[in-house]
Number of protein chains: 2
Amino acid sequence: MRITKRAEYALRALLFLAQSPPGRLVPIGEIAERENIPADFLEQILLALRRADLLSSRRGIGGGYKLSRAADAIHIGEAMRALEEPLAPVPCTAERSREKCTCPDPRTCPLRAAMQEVADQAALLLDRMTLADAVARSRPEARVSFDI
Amino acid sequence: MRITKRAEYALRALLFLAQSPPGRLVPIGEIAERENIPADFLEQILLALRRADLLSSRRGIGGGYKLSRAADAIHIGEAMRALEEPLAPVPCTAERSREKCTCPDPRTCPLRAAMQEVADQAALLLDRMTLADAVARSRPEARVSFDI
DNA sequence: GGGGTGTTGCCAGCGCGGGCGCAACCCGCC
DNA sequence: GGCGGGTTGCGCCCGCGCTGGCAACACCCC
């Protein structure tokens with residue numbers, strides 16, 4: 001039940017940009033280095049995100065990428081859908097396209113029954129959570145920073 | 001966030017056996033045909049399940065596979081772990097082996113923070129649900145069978 | 001202020017490796 | 001001897017990552 005590397009890198013990049021100063025343009029190389037992502041591969045991923053209107057970019061010196069919206073207005077689930085990353089563990093449980101299901105009868109498929117709940121919960125969670133939420137959640141030390 | 005074909009086929013086979021009369025030995029060919037699974041590939045999957053003591057088998061005429069335990073004593077999550085199918089969306093969120101994480105600092109990784117909850121919920125759900133549960137859940141028509 | 005130059009994003013295509021599926025053969029049981 | 005599981009090995013395909021060339025933008029220099 002893994003997401004693809006492509007989706008993982010995309011989310012890492014989005015979350016990195018969410019942690020940068022809002023308007024700042026961040027070049028690919030910086031994201032790649034800080035997040036340990038192969039730069040050339042990251043390029044085409046960011047391009048896809050730009051085409052999905054999640055990022056905007058500028059070329060040349062001082063160029064780079066930035067979020068096209070505020071970090072609290074971009075949902076994790078939305079990003080994954082933009083990447084055509086399936087949220088469903090098995091094709092049966094896909095929400096929209098009713099993908100071809102290998103089981104003889106989808107209505108009585110026990111695997112579908114088992115996985116549907118997992119898929120629903122994951123989709124609900126990921127569609128509610130924004131980039132800003134994830135960043136905030138990753139910083140428990142903000143509360144205990146006085147202890148250090 | 002898909003499970004591998006290998007895991008999908010394994011679960012289909014287990015659930016098919018869970019729907020068969022408890023002690024009956026079911027040959028590979030029958031499972032493959034009914035569940036639309038390539039028979040030769042299914043073979044090595046069932047072998048792995050046998051080695052994990054989830055199935056038992058007998059060769060020769062009248063041979064085949066059966067569950068080594070009752071259907072309500074085998075959990076979906078248990079089967080997936082036996083197949084070395086990761087339950088975690090990203091390596092960071094893996095429970096046991098603390099796999100190598102590509103992020104610079106796992107403690108402050110926003111992706112990990114975002115996915116941890118998804119992983120936990122999925123693991124909880126799959127570790128509670130037995131094969132028997134999934135089969136029962138796939139039969140809402142048991143209630144409306146009188147309508148037909 | 002116009003062209004040169006370097007920086008950075010934009011785009012197409014290719015090669016590797018592992019998951020997936022297939023085939024052939026061996027071995028135990030009736 | 002035949003049925004059916006056990007085992008090994010190979011070919012295909014797709015995710016992954018890389019390469020190379022192109023286009024825009026900023027800056028500099030004359």
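Every chain is numbered from 1, with letters handed out A, B, ... down the list of sequences. Excluded from the calculations below are hydrogen atoms, water molecules and symmetry mates; all remaining heavy atoms, backbone and side chain alike, are included. Bear in mind the structure is a predicted one, so any value in this text is a computation, not a measurement.
- A heavy-atom distance below 4.5 Å is found between the side chains of Ile45(A) and Phe41(A).
- Across the interface with DNA chain D, nearest-nucleotide mapping of Glu43(B) and Ala39(A) shows Glu43(B) to be the residue nearer the 5′ end.
- Rounded to an integer number of Å, the gap from Ile45(A) CD1 to dG15(D) C1' is 11 Å.
- The CZ-C1' distance, from Phe41(B) to dG18(C), rounds to 12 Å in whole Å.
- Looking at Gln44(B), its side chain has no donor and acceptor atom pair within 3.5 Å of the base of dC20(C).
- Taking only side-chain nitrogens and oxygens, Tyr9(A) comes nearer than 4.0 Å to OP1 or OP2 of dG17(D).
- No option in Ile74(A), Val26(A), Leu49(A) other than Ile74(A) meets the side chain to side chain contact (heavy atoms under 4.5 Å, CB included) test with Leu67(A).
- Whole-Å rounding puts the Glu33(A) CD to dT8(C) P distance at 13 Å.
- Remark: side-chain polar atoms of Ser68(B) are paired, donor with acceptor, to backbone N or O of Leu54(B) under 3.5 angstrom.
- Ion pairing of Glu8(A) with Lys5(A) is present here, as a side-chain N (NZ or NE/NH1/NH2) and a carboxylate O approach within less than 4.0 Å.
- The stretch residues 19-28 of chain B has no heavy atom under 4.0 angstrom from DNA chain C at all.
- Inter-residue side-chain proximity for Ile76(B) and Leu125(B) is flagged as unmet; no heavy-atom pair is nearer than 4.5 Å.
- Scanning residues 54-64 of chain B for heavy-atom distances under 4.0 Å to DNA chain D yields Ser57(B), Arg58(B), Arg59(B), Gly60(B), Ile61(B), Gly64(B).
- Judged by distance alone, with hydrogens and angles left aside, the side-chain atoms of Asp120(A) form no donor-acceptor pair with the main-chain N or O of Glu117(A) at under 3.5 Å.
- For the pair Arg81(B)/Leu87(B), a side-chain contact is recorded, criterion being any heavy-atom separation below 4.5 Å from C-beta on.
- To the nearest angstrom, P of dC25(C) lies 14 Å from CG of Asp40(B).
- Straight-line distance from the CG atom of Asn36(B) to the P atom of dC20(C): 17 Å, rounded to whole Å.
- Atom CD1 in Ile37(B) sits roughly 13 Å away from atom C1' in dC20(C) (whole-Å rounding).
- Listed nucleotides: dG21(C), dC10(C), dG17(D). Nearest to the side chain of Lys5(B): dG21(C).
- Leu25(B) pairs by the side-chain contact (heavy atoms from CB on, under 4.5 Å) definition with Arg58(B), Lys66(B), not counting sequence neighbours.
- The side chain of Arg6(B) contributes no N or O atom lying less than 4.0 Å from OP1 or OP2 of dG18(C).
- Look at CZ on Arg2(A): it is 17 Å from P on dG15(D), rounded to the nearest Å.
- Between the side chain of Glu85(A) and the main chain of Met1(B), a donor-acceptor pair closer than 3.5 Å is present.
- We find that CG of Leu83(B) is positioned 11 Å from P of dC20(C), with the value rounded to whole Å.
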